[in-house]
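Residue numbering restarts at 1 for every chain, and letters A, B, ... go by the order of the sequence lines.
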There are 2 protein chains.
Amino acid sequence: MKQKPTLKVIAKELDVSVSTVSKALRDSKEIGEETKNKVKAFAKLYNYRPNNIALSLKNKKTKTLGVIIPEIVHHFFTTVISGIEHYANDKGYNVIVGLSNESFKKEVINLEMLANGSIDGFIISVAKETLSVKDFHHLSETIDQGIPIVMFDRVIDEIECDKVIVDDVKTSKKAVEKLISSGCKHIGIISTKDYVSVGRLRTEGYKNALQSNGIEVDPDLILKIDDKFNSDDNLEFLEEQIHDYFKKNAVDGLFAVNELYAITAMKVARQKGLKIPDDLQIIGFTDGVLSKHAYPPLTTISQHGFEMGEEAAKLLIERLENTNDEEEPFKTTIVKTDIIDRETTKL
Amino acid sequence: MKQKPTLKVIAKELDVSVSTVSKALRDSKEIGEETKNKVKAFAKLYNYRPNNIALSLKNKKTKTLGVIIPEIVHHFFTTVISGIEHYANDKGYNVIVGLSNESFKKEVINLEMLANGSIDGFIISVAKETLSVKDFHHLSETIDQGIPIVMFDRVIDEIECDKVIVDDVKTSKKAVEKLISSGCKHIGIISTKDYVSVGRLRTEGYKNALQSNGIEVDPDLILKIDDKFNSDDNLEFLEEQIHDYFKKNAVDGLFAVNELYAITAMKVARQKGLKIPDDLQIIGFTDGVLSKHAYPPLTTISQHGFEMGEEAAKLLIERLENTNDEEEPFKTTIVKTDIIDRETTKL
DNA sequence: TATCAACACGAAAACGTTGTAGCTTACGTG
DNA sequence: CACGTAAGCTACAACGTTTTCGTGTTGATA
């Protein structure tokens, strides 16, 4: 086992000073050609690489981004991470991932654990519990300490920072209008409780679409699922609620604010003998594996998670590397969405 | 914006020495009660937290694990990451994620980028390209430098290190025998090329099952997909191959070495008018969202990714924290599998 | 021969910690 | 009174870098 050589051991071995070695490796013109070559050869031979930690300490920069998300077993978040990784690696940054599991406490712990010098900035999508309890002190404190944060998807209006979102209202409106124009008369929505920003906004878009098409909004057609935690855990609960919903309402069009709700609705509809898309048309939100491989394949809105990730990383790194004295104003990037036409809607 | 206070500024502020502050905060008995209280109060007020980087440098430990996986947009890998995170966080470790995208080069870069002091050890599932080119120098060099590696799922026999795997042969045998016992006469397998260890082993299990049940192995029934890269990209290619396969062979039972192959096979079968499970029974490998939400829900083998992740983290952290002088021998943990009975098989 | 660049290198500080060793002061003991 | 010692604190080194500021040698110039 050969230990990683340090400047010190190279210096001793070659009988020069540490500074000489350092400078030689960085090709400083202070050092003579001969010495440089000697040092470089030796360094190559022993596969010298500067110690990152020491550099971090010296530069007060870790070249590492902290990404905190509610859960990783979730297609959308993984595509975002891919995007972040892609951009970050390109710029020489690493990515350290923290999982909040939708828990406020774990989110706080993760933030604190990483804010002690381990990372230069955060990219975060806030936990449902945090949104629900409305306690954002950990976020504002982090920003106060000079650690920039970029929020994506689930953002908080009260906190000033860079954000990457999708135009939820407009996009949802577009989706629901698609249902309207393909003949649906009774369109319902399966959403989340209002404290989840995206759920609220998408519901708003749904209402907008109906109203501007002269259709009255029927509150009964709006189903708000209360899943505070990991959605996979209470799948039965979800099915039950959708069952009840179908029992009470006869819809021929359905807009679901995420894939899982859409897929589950399809499943329940099938059990009730409804043909898709003939009896019931469905559009989901967030294009993931489920939509693509569902039967029938689900028409859905692509949020372009990869681009969102890239954009978030870009905003963060730009802020980190901004050397101007004046603070850049905070930006909110809106990533475009697309409706992916598949087989749960008619043309 | 208040900057994070350091020991130095606290010391100056309270007019004591840096060491005194350090010791006071760690409750050393060298320091008088009065001073301790004063320091602690001040530290609390200014929300002092020791700088992680400085600690890492001093202790030569980062309390960070590097996880390198082929792709993150993949249910199995994300469950493994969850497991790793869970165990690691519990032990005070952070997790830094690197994506190889199935590329040898990116795997090497990731390894090198993190091996410079950023992490204490690696958990890795090797890229397909690495397996295919059989170049493992980056792995052995890392181990040589004293950085332990734990491999999971896709492992390399030639490299000595801790490993976490599933008994692919035995598990596959069990699955195929299930097909046999539920009446299948012509059982096929959709696997990967042999350089992917899990593909090879699962094919072996398939053959074993047939042989020990007196069925001759028909090489035509073994389809080996050559997807060197991200499987989502060449979905059409996959479908095509399966189409051809069905054209040439009349199977009534199918074992697929992963979810995607199984789901795609179902799709193609449906197009050919085959009823599942009546005309064709299918079992997949790796229980993910796809299997669960497929139509019909796919009978599949659960690899328990979460447990694999936990186990990998456990092996790594145990090795890192092992203070005995004698090297622990390398362990290979075999995580149990289960067949999740759903609706693509008969009873 | 004295002066001065240019050159090649080294010493030391700094980043934030911790641990060891050392230094006062006060007090008790012989 | 001299000595030992305990309490309470500080100085310093070290982790691995980079960078600023020397410093000594050489050779050329006045």
Quick one: are [X] and [Y] in side-chain contact, heavy atoms under 4.5 Å?
X: Cys161(A); Y: Pro148(A); value: no
X: Lys4(B); Y: Asn51(B); value: no
X: Ile149(B); Y: Ile159(B); value: no
X: Phe77(B); Y: Thr78(A); value: no

Find the distance [X]:[atom1] to [N]:[atom2] and express it as a whole number of Å.
X: Gln3(B); N: dC15(C); atom1: CD; atom2: P; result: 13 Å
X: Lys4(B); N: dT17(C); atom1: NZ; atom2: C1'; result: 15 Å
X: Asp15(A); N: dG10(C); atom1: CG; atom2: C1'; result: 12 Å
X: Lys12(B); N: dG16(C); atom1: NZ; atom2: P; result: 11 Å
X: Asn116(A); N: dT17(C); atom1: CG; atom2: P; result: 10 Å
X: Glu33(A); N: dC7(C); atom1: CD; atom2: P; result: 12 Å
X: Asn52(B); N: dT18(C); atom1: CG; atom2: P; result: 11 Å
X: Ile31(A); N: dC9(C); atom1: CD1; atom2: C1'; result: 6 Å

Q: Output the distance between atom CZ (Phe152(B)) and atom CD1 (Ile69(B)), rounded to the nearest 0.5 Å.
A: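 Rounded to the nearest 0.5 Å, the CZ-CD1 separation comes out at 6.5 Å.
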(Q) Just verifying a value: how many Å separate Asn110(A) CG and Glu112(A) CD, rounded to the nearest 0.5 Å? (A)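 Atom-to-atom, Asn110(A):CG and Glu112(A):CD are 10.0 Å apart.
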For [X], answer base if it contacts any base atom (sugar-phosphate contacts may also be present), sugar-phosphate if it contacts only those atoms, and nothing otherwise; contact means non-hydrogen atoms under 4.0 Å.
X: Lys60(B); answer: sugar-phosphate
X: Leu55(A); answer: sugar-phosphate
X: Ser22(A); answer: base

Please list, for nucleotides 20-26 of chain C, all pairs of protein and nucleotide N/O atoms separated by less than 3.5 Å.
{"from": "dT20(C)", "atom 1": "O4", "to": "Lys23(B)", "atom 2": "NZ", "distance (Å)": "2.6"}

Q) Quick one: on DNA chain C, does Arg26(B) or Val16(A) contact a more 5' nucleotide (nearest heavy atom)? A)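 Its nucleotide being nearer the 5' end, the pick is Val16(A).
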Q) Listed by chain and number, what are the side chain to side chain donor-acceptor pair (under 3.5 Å) partners of Tyr93(A), not counting sequence neighbours? A)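 Once residues adjacent in sequence are excluded, the partners of Tyr93(A) under the side chain to side chain donor-acceptor pair (under 3.5 Å) criterion are Glu321(A).
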(Q) Using the side-chain contact (heavy atoms from CB on, under 4.5 Å) criterion, which residues pair with Thr62(B)? Sequence neighbours excluded. (A)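 Scan of Thr62(B) (side-chain contact (heavy atoms from CB on, under 4.5 Å), adjacent residues dropped) gives Ile53(A), Ser56(B), Thr64(B), Asp120(B).
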Q) Quick one: how far along DNA chain D does chain A reach, first to last nucleotide 5' to 3', anything under 4.0 Å to a heavy atom? A)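 For DNA chain D, the relevant span reads dC15(D) to dC21(D).
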(Q) So that I can tick it off, tell me whether Arg154(A) and Glu102(A) are bridged by a salt bridge, with the cut-off set at under 4.0 angstrom between side-chain N and carboxylate O. (A)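 So Glu102(A) pairs with Arg154(A) through a salt bridge.
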(Q) Taking only side-chain N and O atoms of Thr35(A), does any of them lie within less than 4.0 angstrom of OP1 or OP2 on dC9(C)? (A)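 Answer is yes, contact under 4.0 Å.
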(Q) It should be established whether Lys61(A) places a side-chain nitrogen or oxygen under 4.0 Å from OP1 or OP2 of nucleotide dC15(C). (A)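 No, Lys61(A) has no side-chain N/O under 4.0 Å of OP1/OP2 on dC15(C).
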Q.
For Asn59(B) and Ser17(B), find the nucleotide of DNA chain D closest to each by heavy atoms; which residue's nucleotide sits nearer the 5' end?
A.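 Its nucleotide being nearer the 5' end, the pick is Ser17(B).
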Q. Who are the salt bridge (Lys or Arg N to Asp or Glu O under 4.0 Å) partners of Lys40(B), not counting sequence neighbours?
A.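 In terms of salt bridge (Lys or Arg N to Asp or Glu O under 4.0 Å), with neighbours along the sequence ignored, Lys40(B) is linked to Asp27(B).
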Q: Determine whether more than 12 heavy atoms belonging to other residues, nucleotides or ligands lie under 6.0 Å from atom NE2 of His138(B).
A: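 More than 12 within 6.0 Å, yes.
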Q | Axis-to-axis angle between the two ends of the helix from dT1(C)-dA30(D) to dG30(C)-dC1(D) (five base pairs per end, rounded to 10 degrees) | A |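 Here the local axes at opposite ends form an angle of 90°.
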Q. Minimum heavy-atom separation for Thr20(B) to Ser17(B), with atom names?
A.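 Nearest pair, atom of Thr20(B) first, then Ser17(B): OG1-OG, 2.9 Å.
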